[in-house]
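For reference, the structure is listed below as structure tokens.
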Amino acid sequence: MNKNTVPIENVIYGSAAAGLAGGAIGATMGVLKNAPVKQYSISTGINCGIFGATFFIVRESFLGYQRSKNPQFGLKDSQTKDFDTMFSSAMAGATTGGLLSAISRGSKSVPSSAILFGALCTGLQAVYNTGNNWRQESILKSGDLDGRYVLSKEKKESEGFSILKHIHMPSWFPIHQISEEEYEELLDTRLQTLEAELAELERKLRESEKKK
């Protein structure tokens, strides 16, 4: 996947997911309140879609700016990923919540809405980061880095048809095939772990030599 298309895809998929979720919630509310289901579903879906589109546009803008600074400090995106996504989601949540609140309810509600949505988006991003890190650690511990599904032609043919291999999932979706970028991040994580273990061994070796 081209890295330049990832932000656009995240905005499109994120907005669509927010709109669909809003539509489902609106339909449920309509049923519970014995109100027009179609009206509730459409209005809630549109509002959630607008929030999702604004949120992901702001988030990807912050994220792109932060990652553009990494080469200046000799850092890789994988090394700052958790902090970058947390900060970007917090700022996007606060900005989007404050902006939409100002439009719908006036300027007095901006601070409380910015704090509320900023905290909410930060919490959701923290949960996602925790789950994603656990997933990567599980792959590293299993030693099966070839789980990215880069297989030979013969092996692909022997495995038969699987519909999951033909469905493209966005990078933020919890279940998807490992992309080239994620594979590189896994290798970077493995390298950082080995470097840390090597540094610890060298430290212990120096301490043992001093005691002698």
Side-chain angles (χ1 to χ4, degrees), residues 1-65 81-82 84-135 161-179 181-182:
M1 184 187 298
N2 190 339
K3 290 184 179 181
N4 295 328
T5 65
V6 171
I8 299 174
E9 290 185 357
N10 285 343
V11 172
I12 294 174
Y13 285 119
S15 303
L20 291 173
I25 293 172
T28 304
M29 291 174 60
V31 172
L32 295 176
K33 293 183 177 182
N34 197 23
V37 175
K38 185 176 180 180
Q39 180 181 347
Y40 265 74
S41 178
I42 293 175
S43 61
T44 307
I46 291 175
N47 289 333
C48 289
I50 292 173
F51 179 88
T54 307
F55 170 81
F56 279 101
I57 288 172
V58 175
R59 180 181 182 274
E60 293 301 322
S61 298
F62 274 107
L63 198 56
Y65 175 76
K81 182 179 180 180
D82 285 351
D84 288 345
T85 53
M86 287 282 288
F87 179 80
S88 298
S89 294
M91 295 302 296
T95 302
T96 304
L99 178 62
L100 297 182
S101 179
I103 294 173
S104 61
R105 293 189 294 172
S107 59
K108 291 184 179 180
S109 62
V110 170
S112 59
S113 296
I115 293 172
L116 174 63
F117 283 101
L120 177 63
C121 292
T122 302
L124 292 174
Q125 185 65 58
V127 171
Y128 174 83
N129 285 352
T130 302
N132 188 59
N133 290 337
W134 174 84
R135 172 175 170 266
F161 177 79
S162 174
I163 192 172
L164 293 176
K165 295 180 181 179
H166 300 275
I167 299 177
H168 174 68
M169 295 294 185
S171 60
W172 49 265
F173 196 76
I175 301 174
H176 61 277
Q177 294 184 2
I178 299 176
S179 64
E181 182 181 357
E182 286 182 299

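Quick note: residue numbers are just sequence positions, from 1.
Across all their heavy atoms, Thr122 and Ala90 have their closest contact at OG1-CB, 3.0 Å. Closest heavy-atom contact between Ala18 and Gly52: CB-CA, 4.0 Å.
Each ring-ring contact (aromatic ring centres under 6.0 Å, His included) pair with one or both residues in residues 84-106, not counting sequence neighbours, would appear here, but there are none.
Every side chain to side chain contact (heavy atoms under 4.5 Å, CB included) that Thr44 has, sequence neighbours left out, goes to Cys48. Annotation: side chain to side chain contact (heavy atoms under 4.5 Å, CB included) contacts of Ile46 (sequence neighbours excluded): Ile42, Ile50. Scored by the side chain to side chain contact (heavy atoms under 4.5 Å, CB included) test, Val11 finds Ser15, Phe56, Ile57, Glu60 as partners (sequence neighbours excluded). Partners of Phe51 according to the ring-ring contact (aromatic ring centres under 6.0 Å, His included) rule, which considers only residues two or more places apart in sequence or in another chain, are Phe117. Legend: residues meeting side chain to side chain contact (heavy atoms under 4.5 Å, CB included) with Ala92, ordered by chain and number and at least two apart, are Phe55, Val58, Arg59. The side-chain hydrogen bond (donor to acceptor under 3.5 Å, both in side chains) test applied to Asn47 returns no partner, not counting sequence neighbours.
The backbone N or O of Gly93 sits nowhere less than 3.5 Å from a side-chain atom of Thr96 that would complete a donor-acceptor pair. When atom types are taken as modelled, the side chain of Ser41 and the backbone of Gly23 share a donor-acceptor pair closer than 3.5 angstrom.
The line from CD of Gln125 to CG of Asp84 is 10.5 Å long, rounded to the nearest 0.5 Å.
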Identify every side-chain donor-acceptor pair in residues 27-36 under 3.5 Å, counting partners at least two apart or on other chains, and give the distances.
unit_1 : atom_1 : unit_2 : atom_2 : d
Thr28  : OG1    : Ala24  : O      : 2.9

Between side-chain atoms of residues 101-108 and protein atoms elsewhere (two or more places apart, or another chain), which donor-acceptor pairs fall under 3.5 Å?
unit_1 : atom_1 : unit_2 : atom_2 : d
Ser101 : OG     : Ser109 : O      : 3.4
Ser101 : OG     : Ser109 : OG     : 2.5
Ser101 : OG     : Ser113 : OG     : 2.9
Ser104 : OG     : Leu100 : O      : 2.9
Arg105 : NH2    : Ser113 : OG     : 3.0

